[in-house]
Amino acid sequence: MLASASVGVLSRYLLTRFVVTFCAVLVALVAIVGVIELLANFGDVVRASGSFLDAVLFVVLRIPHEHLPLLVPIASFASALGLGVFCFEN
């Protein structure tokens, strides 16, 4: 898609910048939510299962189901906003 002749250099650059920013923001949001979930539910999970790895597994399995539908639009908005600010500065 990006290698075709109809896609210009500027379009490729902006798309690449958007995707990289989107992935970075999404990873940061998932990490923040993961730490908050781990701290919020740590007592319950450790009492039920007994180990730290089970608590981490609980959080890792919970994030895609509970939080990812909210985090993807937030990351998309943040990366589009960052791209817009970049375009206006240059």
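Numbers here are sequence positions counted from 1. These figures come from a predicted structure and were not determined experimentally.
Note that CG of Leu57 is 8.5 Å distant from CG of Leu53, once rounded to the nearest 0.5 Å.
The salt bridge (Lys or Arg N to Asp or Glu O under 4.0 Å) pairs that include a residue from residues 20-32 number zero, where partners must be two or more places apart or lie in different chains. Residue pairs satisfying the salt bridge (Lys or Arg N to Asp or Glu O under 4.0 Å) criterion with at least one member in residues 61-73, sequence neighbours excluded, are listed as follows: Glu37-Arg62.
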Starting from the C-alpha separation in whole Å, work towards a yes-or-no answer on side chain to side chain contact (heavy atoms under 4.5 Å, CB included) for Val30 and Leu68. CA-CA 8 Å; Val30 166; Leu68 205 57; 4.3 Å; yes
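Counting all heavy atoms, side chain and backbone alike, Leu29 lies closest to Ala75 at CD1-N, 4.2 Å. Considering every non-hydrogen atom in both Pro64 and Pro69, the closest pair reads O-CD, 3.7 Å.
Linking ILVMFWY side-chain heavy atoms closer than 4.5 Å, directly or via other members, places Phe77 and Phe18 in two distinct hydrophobic clusters. Under the 4.5 Å side-chain heavy-atom criterion for ILVMFWY residues, no single connected hydrophobic cluster contains both Ile32 and Val25. In the hydrophobic cluster analysis, where Ile, Leu, Val, Met, Phe, Trp and Tyr join through side-chain heavy atoms closer than 4.5 angstrom, Ile36 is grouped apart from Val33. Tyr13 and Val20 fall into different hydrophobic clusters, where Ile, Leu, Val, Met, Phe, Trp and Tyr residues are linked whenever their side-chain heavy atoms come under 4.5 Å apart, directly or through other members. Side-chain heavy atoms closer than 4.5 Å link hydrophobic residues (I, L, V, M, F, W, Y) into clusters, and following such links, even through other members, never connects Leu81 to Phe22.
Using a 4.5 Å heavy-atom threshold, the side chains of Ile74 and Leu26 count as separate. In this structure, the side chains of Leu38 and Phe58 stay at 4.5 Å or more apart for every pair of heavy atoms.
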